Amino acid sequence: MEAVKECLRDFPREARELYLNEAVPYLDEPPSPLQFYRGWICPNKPCIIRNAFGDWPALSKWNPAYLREKVGSRIISVAVTPNGYADAVNGDRFVMPEERQMSFSSLLDIIERKVRSNGVFYVQKQCSNLTEEIPELTRDVQTHIPWMSEALGKQPDAVNFWLGEESAVTSMHKDHYENLYCVISGRKEFVLLPPTDRPFIPYEVYQPATYRQKQDGEFEIVDEDSPKVPWIPLDPLNPDFERYPSYRLAKPLHCTVEAGEMLYLPSMWFHHVRQSHGCIAVNFWYDMEYDIKYNYFQLVESLTRAVGTL
């Protein structure tokens, strides 16, 4: 077991020396499908791509007035929390947001601060909500990224729309999707950690619960009758090194994705996300759960769980 621990301890350093960048690189234009597959998908490295969707009408059209006109009456799913942290650890609970159905115009009233409301509001439903809940907006974007779809030999499994307040934060986690994240307006700030840093990232198991707003406007936490959830309790912006000393060995990358830029976030990379107020983004998820590299990093996950965080 000690030999396994030593290998896991050395693995992240060797990966950084072998192929990982010290910062997220920029591409001035989209690569060809073959170039992208060889240079970025296979080695599982993130990059920010400029001039990747400059022809989208959304870049010039998606302001509050336009959105009110086109989809103001549409009922959409909005995550509401007291603190901006949805799907995150709160004390000894993994707490999910209250999912509220409301008109797009009502959400815009809150985003534009025309209406004051308790809680933090964030459109973040990740089940292709762009095409399912607000299909009128798809005419202003592409419903897939042609060179990515060709590189992977498939269409995206979900196309998601994101809009929220500055206080809305995505806690650190990982996904098995290849992710192209396109910022339409505002900016997104990412903290990224490669899957090879998994031995230094703590996981604990939590009782799942959900926020619920009461009649007086205050929020309560209601336990869910479902299995416990493994989640990362650490805040990468303010890590508790006394409680999680191994995290000192992790090497997070910080990057800001501005309007008109696209982040390629490879599968299994850990990420924590903040945003500017009213930031709008669209992302494309390509499910690669059965890809070879997914299985490889799952092996790292299994070994780390077997020996514990280093």
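Index from 1, following the sequence. Please read all numbers here as calculations on a predicted model, not as lab measurements.
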Enquirer: Is it the case that N283 and W162 place a side-chain donor and acceptor less than 3.5 Å from each other?
Expert: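 Yes.
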
Enquirer: Check this for me, if you would: do R212 and E220 make a salt bridge, where the nitrogen-to-carboxylate-oxygen distance has to be below 4.0 angstrom?
Expert: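 Salt bridge between R212 and E220, a charged N being under 4.0 Å from a carboxylate O: yes.
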
Enquirer: Tell me yes or no: between the side chains of S149 and Y286, is some donor less than 3.5 Å from an acceptor?
Expert: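 S149 vs Y286: donor-acceptor pair found between side chains.
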
Enquirer: Are V169 and L263 in one and the same hydrophobic cluster, where Ile, Leu, Val, Met, Phe, Trp and Tyr link if side-chain heavy atoms are under 4.5 Å apart?
Expert: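 In one cluster: no.
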
Enquirer: Applying the 4.5 Å side-chain criterion to the ILVMFWY set and letting contacts propagate, would L67 and V141 be lumped into a single cluster?
Expert: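 Linked within one cluster.
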
Enquirer: Give me the atom names and distance for the closest heavy-atom approach of P208 to V229.
Expert: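 That would be CB-CG2, 3.9 Å.
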
Enquirer: I need the single residue from Y203, W231, Y211 that forms a ring-ring contact (aromatic ring centres under 6.0 Å, His included) with F94. Which is it?
Expert: W231

Enquirer: Please round to the nearest 0.5 Å and tell me the distance separating atom OG1 of T138 and atom CD of E132.
Expert: 10.5 Å

Enquirer: So that I know where these two stand, are W62 and F161 an aromatic pair - ring centroids less than 6.0 Å apart?
Expert: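 W62 vs F161: aromatic centres under 6.0 Å.
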
Enquirer: Which heavy atom of A259 sits nearest a heavy atom of S185, and at what distance?
Expert: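 Minimum heavy-atom contact is CB-CA, 3.8 Å.
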
Enquirer: Considering only heavy atoms from C-beta outward, does the side chain of P57 approach that of K61 to under 4.5 Å?
Expert: yes

Enquirer: Minimum heavy-atom separation for P25 and P46, please, with both atom names.
Expert: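 Closest approach of P25 to P46, heavy atoms only: CD-O, 3.5 Å.
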
Enquirer: Cut-off 3.5 Å, side chains only: do Y66 and D140 have a donor facing an acceptor?
Expert: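 Yes, a side-chain donor-acceptor pair sits under 3.5 Å.
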
Enquirer: Is it true that a side-chain atom of S128 and a backbone atom of T131 form a donor plus acceptor pair closer than 3.5 Å?
Expert: no

Enquirer: Between E99 and K125, is there a salt bridge with N-O shorter than 4.0 Å?
Expert: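 Between E99 and K125 there is a salt bridge, with a charged N closer than 4.0 Å to a carboxylate O.
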
Enquirer: Step by step, work out the side chain to side chain contact (heavy atoms under 4.5 Å, CB included) result for E29 and R50.
Expert: CA-CA 5 Å; E29 60 184 8; R50 294 175 169 139; over 6 Å; no

Enquirer: Under the criterion ring-ring contact (aromatic ring centres under 6.0 Å, His included), which of W40, F36, W147, W269 is the partner of Y264?
Expert: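 Single ring-ring contact (aromatic ring centres under 6.0 Å, His included) partner of Y264 among W40, F36, W147, W269: F36.
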
Enquirer: If you take all heavy atoms of I41 and A151, which pair is closest and at what distance?
Expert: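 Nearest pair, atom of I41 first, then A151: CD1-CB, 4.1 Å.
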
Enquirer: Between the side chains of K70 and E136, is the shortest nitrogen-to-carboxylate-oxygen separation below 4.0 Å, so that they form an ion pair?
Expert: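 A salt bridge is absent here (no side-chain N lies under 4.0 Å from a carboxylate O).
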
Enquirer: Do F219 and K214 pass the side chain to side chain contact (heavy atoms under 4.5 Å, CB included) test, and can you show the C-alpha distance, the side-chain angles, and the key distance before you say yes or no?
Expert: CA-CA 6 Å; F219 284 83; K214 299 183 292 184; over 6 Å; no

Enquirer: Find out whether the Lys NZ or Arg CZ of R248 is both under 6.0 angstrom from the six-membered ring centre of F200 and within 45° of the ring's axis.
Expert: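 Judged by the rule (NZ or CZ under 6.0 Å from the ring centre, within 45° of its axis), R248 is not positioned above F200.
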
Enquirer: Output yes when a side-chain donor or acceptor of D223 lies under 3.5 Å from a complementary backbone atom of A209, and no otherwise.
Expert: no

Enquirer: Could you give the distance from CD1 (I134) to CD1 (I75), rounded to the nearest 0.5 Å?
Expert: 12.5 Å

Enquirer: Any side-chain heavy atom of T256 sitting closer than 4.5 Å to one from K188?
Expert: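 Not touching, per the 4.5 Å side-chain cut-off.
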
Enquirer: Can you give me the closest heavy-atom contact between V191 and P236, atom names plus distance?
Expert: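 V191 and P236 have their closest heavy atoms at CG1-CB, 4.0 Å.
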
Enquirer: Against the six-membered ring of F104, is R74 placed for a cation-pi contact (under 6.0 Å from the centre, within 45° of the normal)?
Expert: no

Enquirer: Quick one, H271 with D175, criterion side chain to side chain donor-acceptor pair (under 3.5 Å). Give me CA distance, side-chain angles, the key distance, then yes/no.
Expert: CA-CA 9 Å; H271 51 286; D175 302 305; 3.3 Å; yes

Enquirer: Which distance, rounded to the nearest 0.5 Å, do you find between the SG of C279 and the CG of L163?
Expert: 8.5 Å

Enquirer: Please report the interatomic distance CG(D197) to CZ(F270), rounded to the nearest 0.5 Å.
Expert: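 The distance works out to 8.5 Å.
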
Enquirer: Apply side chain to side chain contact (heavy atoms under 4.5 Å, CB included) to H254 and L192, showing your working.
Expert: CA-CA 6 Å; H254 297 256; L192 306 177; over 6 Å; no

Enquirer: List the atom pairs, donor and acceptor, that lie under 3.5 Å between side-chain atoms in residues 77-85 and the rest of the protein, sequence neighbours left out.
Expert:
unit_1, atom_1, unit_2, atom_2, d
S77, OG, Q101, NE2, 3.0
S77, OG, E133, OE2, 2.7
T81, OG1, G84, N, 2.8
N83, OD1, Y85, N, 2.9

Enquirer: For the atom pair CD1 (I201) and NZ (K174), what is the distance rounded to the nearest 0.5 Å?
Expert: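 Reported value, rounded in 0.5 Å steps: 8.5 Å.
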
Enquirer: Going through the distances and angles, do Y206 and E204 end up as a side chain to side chain donor-acceptor pair (under 3.5 Å)?
Expert: CA-CA 7 Å; Y206 297 91; E204 295 178 10; 3.0 Å; yes

Enquirer: Would you say the side-chain atoms of T170 pair up with the backbone N or O of H272, donor to acceptor, closer than 3.5 Å?
Expert: no

Enquirer: Does a salt bridge link R68 with D109, judged by any charged N lying under 4.0 Å from a carboxylate O?
Expert: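 Salt bridge present between R68 and D109.
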
Enquirer: Check for a donor-acceptor pair, side chain of K154 on one end and backbone N or O of D287 on the other, with a separation under 3.5 Å.
Expert: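 Present.
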
Enquirer: Do V89 and I221 share a hydrophobic cluster (ILVMFWY, side-chain heavy atoms under 4.5 Å, transitive)?
Expert: no

Enquirer: Quick one: are V123 and I76 in side-chain contact, heavy atoms under 4.5 Å?
Expert: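 Touching, per the 4.5 Å side-chain cut-off.
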
Enquirer: Between atom OG1 of T143 and atom CD of Q155, what is the distance when rounded to the nearest 0.5 Å?
Expert: 7.0 Å

Enquirer: Can you name the nearest heavy-atom pair linking I232 to M172, along with the distance?
Expert: CD1-O, 3.6 Å

Enquirer: Can you see whether Q142 engages W56 through a side-chain donor-acceptor pair at a distance of less than 3.5 angstrom?
Expert: yes

Enquirer: Regarding E178 and S267, is there a side-chain donor-to-acceptor distance under 3.5 Å anywhere?
Expert: yes

Enquirer: Is there a side-chain contact between L137 and V71 in this structure, where contact means two heavy atoms from C-beta onward sitting under 4.5 Å apart?
Expert: yes

Enquirer: Is it the case that the side chain of S171 and the backbone of D87 share a donor-acceptor pair, with hydrogens and angles ignored and the cut-off at 3.5 Å?
Expert: yes

Enquirer: Check the surroundings of atom CG in D216: do more than 12 heavy atoms from other residues, nucleotides or ligands lie under 6.0 Å from it?
Expert: yes

Enquirer: Report yes if the side chains of L193 and L253 come closer than 4.5 Å at any heavy-atom pair, otherwise no.
Expert: no

Enquirer: Could you list who else is in V205's hydrophobic cluster, with ILVMFWY side chains joined at under 4.5 Å, directly or through other members?
Expert: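 Result for V205 is none, singleton.
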
Enquirer: Hey, quick one: are L34 and I145 part of the same hydrophobic cluster, counting side-chain heavy atoms closer than 4.5 Å, chains of contacts allowed?
Expert: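 No, it is not one cluster - the side chains of L34 and I145 are not joined through contacts under 4.5 Å.
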
Enquirer: Quick one: does D240's side chain have a donor or acceptor within less than 3.5 Å of a partner on R243's backbone?
Expert: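 Between the backbone of R243 and the side chain of D240 there is a qualifying donor-acceptor contact (under 3.5 Å).
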
Enquirer: Could you label the plane-to-plane angle of the Y181 and F190 rings as parallel, tilted or perpendicular, counting under 30° as parallel and over 60° as perpendicular?
Expert: perpendicular

Enquirer: Do L180 and Y177 sit in the same hydrophobic cluster, where Ile, Leu, Val, Met, Phe, Trp and Tyr count as joined when their side-chain heavy atoms come under 4.5 Å apart?
Expert: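 No; Y177 is not reachable from L180 via cluster members.
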
Enquirer: Tell me if the CZ atom of R187 is crowded by more than 12 foreign heavy atoms within 6.0 Å.
Expert: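 Count not over threshold, so no.
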
Enquirer: Could you give me the CA-CA distance, side-chain angles and deciding distance for V183 and M262, then say whether side chain to side chain contact (heavy atoms under 4.5 Å, CB included) is met?
Expert: CA-CA 6 Å; V183 176; M262 171 191 290; over 6 Å; no

Enquirer: Does some side-chain heavy atom of P252 sit less than 4.5 Å from a side-chain heavy atom of Y247?
Expert: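 In contact.
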
